[in-house]
Amino acid sequence: MLKLQNKIALITGGTSGIGKATAIDFIEQGATVIITGRNQISVDATVKMLGENAHGIVADSANIEELKQLAIKVKALTGKVDVLYVNAGYGRFLMIEEVDEPHFDEIFNVIVKGTLFTVQSILPLMSEGGSIILNTSSATEQGLHGASVYSAAKSAVQSFVKTFAAELSTRKIRLNAVSPGPIESDFFINTGMNQEEIDNFTSVLLPKVPMARFGKSSEVAKAVTFLASDDSSYMHGTEIFVDGGQVQF
Ligand SMILES: NC(=O)c1ccc[n+]([C@@H]2O[C@H](COP(=O)([O-])OP(=O)(O)OC[C@H]3O[C@@H](n4cnc5c(N)ncnc54)[C@H](OP(=O)(O)O)[C@@H]3O)[C@@H](O)[C@H]2O)c1
């Protein structure tokens with residue numbers, strides 16, 4: 001029996017990296033998947049790659065109005081959502097002296113505001129027994145240079161895990177999070193760092209990972225699928241680290 005047979009899943013930020021790998025895994029487990037992204041061309045290309053059980057909707061997770069429109073479009077397309085993976089996001093890294101208001105707003109808009117209003121918008125469509133998974137980060141567990149705003153934003157999402165889970169219990173919707181460590185994806189390219197800066201950043205990160213390698217997006221996807229499925233039926237309000245042991249030692 002496939003783990004997500006006949007389930008409808010919505011994955012925000014499904015055009016690349018962890019979201020795309022999760023879409024592949026969900027479909028392999030029998031789900032129909034709707035992915036989002038900000039760009040029509042990459043959404044269309046991803047849907048084509050994923051095949052007939054995939055749909056795509058362009059929606060900017062940092063924009064509340066677009067999230068409301070997303071809910072309307074999802075309702076028209078599938079009528080309900082069984083699994084919501086709130087994954088859309090990216091990082092920018094600045095030392096405290098360099099942080100300015102646009103940097104703060106940009107990161108908090110996509111990660112904090114985006115997560116809260118994605119859940120709020122999609123909640124009326126969530127089926128009883130459904131599962132919501134939030135994307136946090138191992139960055140919250142350490143003092144990583146340049147990550148004050150990104151870590152604070154992901155820490156806010158960690159806080160949502162507990163409050164949202166408490167509030168959703170009566171609706172029989174489970175809510176948990178997956179916290180990735182350093183993962184191979186477009187994440188580091190999209191930080192705006194050049195290759196030398198990325199190399200410097202990762203040379204600080206990697207020695208802290210006991211498994212001494214980056215994780216694969218597909219390795220994060222497996223944990224998301226577990227939380228999406230009934231295999232995790234007694235898990236609620238918690239966080240799974242997929243980080244090669246980075247924050248455990
Ligand atoms: N890679 C890591 O080391 C790592 C570690 C911990 C946590 N994370 C988190 O994992 C999540 C996925 O990142 P990734 O590593 O898979 O990076 P990625 O390959 O760059 O993928 C990011 C995805 O999010 C989408 N996205 C970004 N901003 C969006 C917005 N405002 N609205 C809608 N979609 C948006 C992107 O689509 P478009 O660009 O097409 O809009 C893309 O599909 C992020 O929340 C990130 O913070 C990553």
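One is the number of the first residue; the rest follow in order along the sequence. Counting starts at 1 for both ligands and their atoms, following the listed order.
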* To do: Run the contact test for A139 against ligand 1 with a 4.0 Å cut-off on heavy atoms, strictly below, and give the result.
  => no
* Hey, looking at atom 4 (C) of ligand 1, which of G181, S137, G91 has the closest heavy atom? -> G181
* Specify side chain, backbone, both or neither for K20, according to which of its non-hydrogen atoms lie closer than 4.0 Å to ligand 1. => neither
* Asked: Looking at side-chain heavy atoms only, is the closest gap between Q248 and D243 below 4.5 Å?
  -> yes
* **Flag, side chain of S155 to backbone of T140, donor-acceptor distance under 3.5 Å** => no
* Could you check K208 against E141 for salt bridge (charged side-chain N to carboxylate O under 4.0 Å, His left out), going step by step and ending with a plain yes or no? => CA-CA 12 Å; K208 295 179 178 170; E141 309 303 305; over 6 Å; no
* R174 side chain to D230 main-chain N or O, any donor-acceptor pair under 3.5 Å? -> no
* Contact atoms of ligand 1, heavy-atom distance to P180 under 4.0 Å -> 5 (C), 6 (C), 7 (C)
* Run the numbers on F214 and F187 for ring-ring contact (aromatic ring centres under 6.0 Å, His included), then give the verdict. => CA-CA 12 Å; F214 273 64; F187 179 86; 9.9 Å; no
* Of all the atoms in ligand 1, which lie at a distance below 4.0 Å from a heavy atom belonging to P182? -> 3 (O)
* Just distances here: any N/O of Y90 and N/O of ligand 1 closer than 3.5 Å? -> no
* Asked: Near G14, which atoms of ligand 1 are under 4.0 Å from a heavy atom of that residue?
  -> 43 (O)
* Heavy-atom distances under 4.0 Å are what count here, so tell me which part of T15 touches ligand 1: side chain, backbone, both or neither. => both
* **Top protein contact for atom 20 (O) of ligand 1, by heavy-atom distance** => N190 ND2, 3.0 Å
* To do: Evaluate side-chain hydrogen bond (donor to acceptor under 3.5 Å, both in side chains) for T136 paired with E239, printing each intermediate quantity in order.
  => CA-CA 8 Å; T136 51; E239 185 178 24; 2.5 Å; yes
* Just heavy atoms, cut-off under 4.0 Å: does I183 contact ligand 1 by side chain, backbone, both, or neither? -> both
* Asked: So do N135 and V157 actually touch side chain to side chain, heavy atoms under 4.5 Å?
  -> no
* To do: Pull out every atom of ligand 1 sitting under 4.0 Å from any heavy atom of S61, numbered as shown with elements.
  => 30 (C), 31 (N), 32 (N), 33 (C)
* Asked: Nearest protein heavy-atom contact for atom 10 (O) of ligand 1: which residue, which atom, what distance?
  -> N135 ND2, 2.8 Å
* Asked: Tell me: protein heavy atom nearest atom 45 (O) of ligand 1, and distance?
  -> N87 O, 2.8 Å
* Considering only protein heavy atoms, which is closest to atom 17 (O) of ligand 1, and at what distance to one decimal place? -> S185 OG, 3.4 Å
* Structure fact -> Min over A62, G19, A88 of heavy-atom distance to atom 34 (N) of ligand 1 lands on A88
* Please say whether more than 12 non-hydrogen atoms of neighbouring residues, nucleotides or ligands are located less than 6.0 Å from CD in E101. => no
* Should you measure from each heavy atom of D60, which atoms of ligand 1 turn up under 4.0 Å away? -> 30 (C), 31 (N), 32 (N)
* Asked: Below 4.0 Å from any atom of ligand 1, is there a heavy atom belonging to T12?
  -> no
* Return the option from G215, G89, A59, G37 holding the heavy atom at the smallest distance from atom 26 (N) of ligand 1. => G89
* On the 0 to 90° scale, with breaks at 30° and 60°, tag the F201-F93 ring pair as parallel, tilted or perpendicular. => tilted
* Asked: What part of V110, side chain, backbone, both or neither, has a heavy atom within less than 4.0 angstrom of ligand 1?
  -> side chain
* Does ligand 1 have a heavy atom under 4.0 Å from the side chain of Y150, from its backbone, from both, or from neither? -> side chain
* Of all the atoms in ligand 1, which lie at a distance below 4.0 Å from a heavy atom belonging to G17? -> 16 (O), 19 (O)
* Structure fact -> Taking every heavy atom of V58 against every heavy atom of R38, the minimum-distance pair comes out as CG1-O, 3.6 Å
* For residues N200 and E196, is any side-chain donor paired with an opposing acceptor at under 3.5 Å? -> no
* To do: Please answer whether the main-chain N or O of N190 pairs with a side-chain N or O of R92 as donor and acceptor at a distance below 3.5 Å.
  => yes
* Asked: Which ligand 1 atoms, with their elements, are less than 4.0 angstrom from a heavy-atom of S42?
  -> 40 (O)
* Structure fact -> Ranked by distance from atom 23 (C) of ligand 1, the top protein heavy atom is G13 O, 3.7 Å
* Going by heavy atoms, is T136 under 4.0 Å from ligand 1? -> yes
* Nearest protein heavy atom to atom 16 (O) of ligand 1, by residue and atom, and its distance? -> I18 N, 2.8 Å
* Look at the side chain of S229 and the backbone N and O of F226, then say whether any donor-acceptor pair between them is shorter than 3.5 Å. => yes
* More than 12 foreign heavy atoms under 6.0 Å from NZ of K222: is that the case here? -> no
* Look at atom 30 (C) of ligand 1 and say which protein heavy atom is nearest, naming residue and atom and giving the distance to 0.1 Å. => R38 CD, 3.4 Å
* Could you tell me whether some N/O pair between F188 and ligand 1 is separated by less than 3.5 angstrom? => no
* Asked: Going by the order shown, which atoms of ligand 1 are within less than 4.0 Å of some heavy atom of F187?
  -> 1 (N), 2 (C), 15 (O), 17 (O), 18 (P), 19 (O), 20 (O), 46 (C), 47 (O), 48 (C)
* Would you check the N or O atoms of S16, main chain and side chain alike, for any that come under 3.5 Å of an N or O of ligand 1? => yes
* **S217 side chain vs E184 backbone, donor-acceptor pair below 3.5 Å** => yes
* Smallest separation among heavy atoms of S138 and G181, with atom names -> OG-CA, 3.2 Å
* Could you tell me whether ligand 1 has any atom less than 4.0 Å away from a heavy atom of K154? => yes
* Heavy-atom neighbours of K3 NZ exceed 12 at 6.0 Å -> no
